[in-house]
Every structure is written in C-alpha cells, then in structure tokens.
Amino acid sequence: MTYQDRGIKKWQGFFLSEHNEQMDKQQASSRLKWREVMSSECIESVLSAAITHQSALTIQKKPLSADAFPEPDIIGRIAGVDEDLIFIRTATEVISIPFFSILNVEERTLDKWYK
C-alpha cells in the first residue's frame with residue numbers, strides 16, 4: 001500500500017474556519033455606523049452630566065484612518081478622570097480613553113441583570 005500525502009487538503013478546514021471568522025468580524029464592523037461628530041463642548045457637557053447622575057455612557061471613538069470601520073461602542077460608567085484621560089468601567093474591564101479620541105458620547109441606561 002502506498003501512502004499519498006494530502007498536502008494542503010488536510011489544512012483547508014483550518015483555513016476555511018479562519019476565513020469565516022474574519023468575514024464575520026468584517027460583517028459585524030460594517031453593520032456599525034458612524035454617528036454624528038460632537039464638539040468638545042458637547043462631549044464635556046455629556047460627560048459632566050454622566051458624572052453628576054452616575055449614569056452609563058456609550059462612547060464611539062474617532063477613526064484611526066479615513067477608511068476605517070467603526071470600532072464597537074464602549075459601554076460603561078466613568079471610573080475616573082486624569083487630565084485628558086477618561087477611565088470607563090465596562091462589564092469586564094477598565095478602559096482609558098483620551099478625551100480627544102471621542103467622536104460621540106451618549107448617556108444611557110443599562111439593562112439590569114436582576115428583576
């Protein structure tokens with residue numbers, strides 16, 4: 001009996017799953033839409049209100065390049081502020097965001113996990 005190497009055929013399933021994963025990420029990011037650009041004064045007033053009311057925020061960051069897709073929104077509460085950095089506590093981590101990188105911010109209510 002002769003042994004015949006399948007070569008690249010044995011790896012096609014691996015490449016296909018990676019390709020599908022990449023396509024899913026691209027489709028998810030293409031569903032996100034850019035929101036209206038807010039002035040720094042407007043952003044400051046929303047952040048100030050969120051600190052006062054201790055409410056949650058939805059933040060969309062500015063694009064890194066002209067043809068970039070929007071990143072997923074950052075959803076959480078303000079944990080702290082240091083000069084031009086804003087620290088947002090999400091459900092899983094604390095993220096630092098430079099003030100100048102915020103494109104749009106909105107106050108929002110978080111769904112309660114309990115009834």
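No hydrogens, no waters, no symmetry mates; every other heavy atom, side chains included, goes into these values.
Separation of atoms SG (Cys42) and CD (Glu36) is listed at 8.0 Å; rounding is to 0.5 Å. Here CG of Leu57 is found 12.5 Å from OG1 of Thr90. Values are rounded to the nearest 0.5 Å.
Residues Ile75 and Ile95 fall into different hydrophobic clusters, defined by Ile, Leu, Val, Met, Phe, Trp and Tyr side chains chained together at heavy-atom separations under 4.5 Å. Hydrophobic clustering (side-chain heavy atoms under 4.5 Å, transitive across Ile, Leu, Val, Met, Phe, Trp, Tyr) keeps Val37 apart from Ile97. Under a hydrophobic-cluster definition in which Ile, Leu, Val, Met, Phe, Trp and Tyr are linked whenever side-chain heavy atoms come within less than 4.5 Å, directly or via other members, Ile43 and Phe87 are assigned to different clusters. With hydrophobic clusters built from ILVMFWY side chains whose heavy atoms lie under 4.5 angstrom apart, Val94 does not share a cluster with Val81.
For the pair Trp34 and Phe69, the tightest heavy-atom approach, listed with the atom from each and the gap, is CZ2-C, 3.7 Å. When all heavy atoms are compared, the tightest approach of Glu106 to Asn104 is CG-OD1, 3.5 Å. Smallest separation of non-hydrogen atoms from Lys33 and Gln60: O-NE2, 3.1 Å. Across all their heavy atoms, Phe100 and Lys62 have their closest contact at O-NZ, 3.0 Å. Shortest non-hydrogen contact noted between Ser55 and Arg108 is CB-O, 4.4 Å. Nearest heavy atom pair, residue Leu85 against residue Ser96, reads CD2-CB, 4.4 Å.
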message: Under the criterion side-chain contact (heavy atoms from CB on, under 4.5 Å), I'd like the reasoning laid out for Ile59 against Ile86: C-alpha separation, chi angles, the key distance, then a yes or no.
response: CA-CA 11 Å; Ile59 298 174; Ile86 300 161; 5.5 Å; no

- prompt: Is there a side-chain contact (heavy atoms from CB on, under 4.5 Å) between Ile78 and Ile88 once you walk through the steps?
  reply: CA-CA 5 Å; Ile78 295 178; Ile88 304 295; 3.9 Å; yes

task: Evaluate the side-chain contact (heavy atoms from CB on, under 4.5 Å) criterion for residues Arg35 and Thr58: first the C-alpha distance (whole Å), next the side-chain angles of each, then the deciding distance (0.1 Å), finally the verdict.
output: CA-CA 11 Å; Arg35 287 194 294 244; Thr58 301; 3.8 Å; yes

- request: Give the intermediate values and the outcome of side-chain contact (heavy atoms from CB on, under 4.5 Å) for residues Ile102 and Met38.
  value: CA-CA 8 Å; Ile102 297 175; Met38 294 174 74; over 6 Å; no

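Not a single donor-acceptor pair under 3.5 Å links the side chain of Gln54 to the backbone N or O of Arg77.
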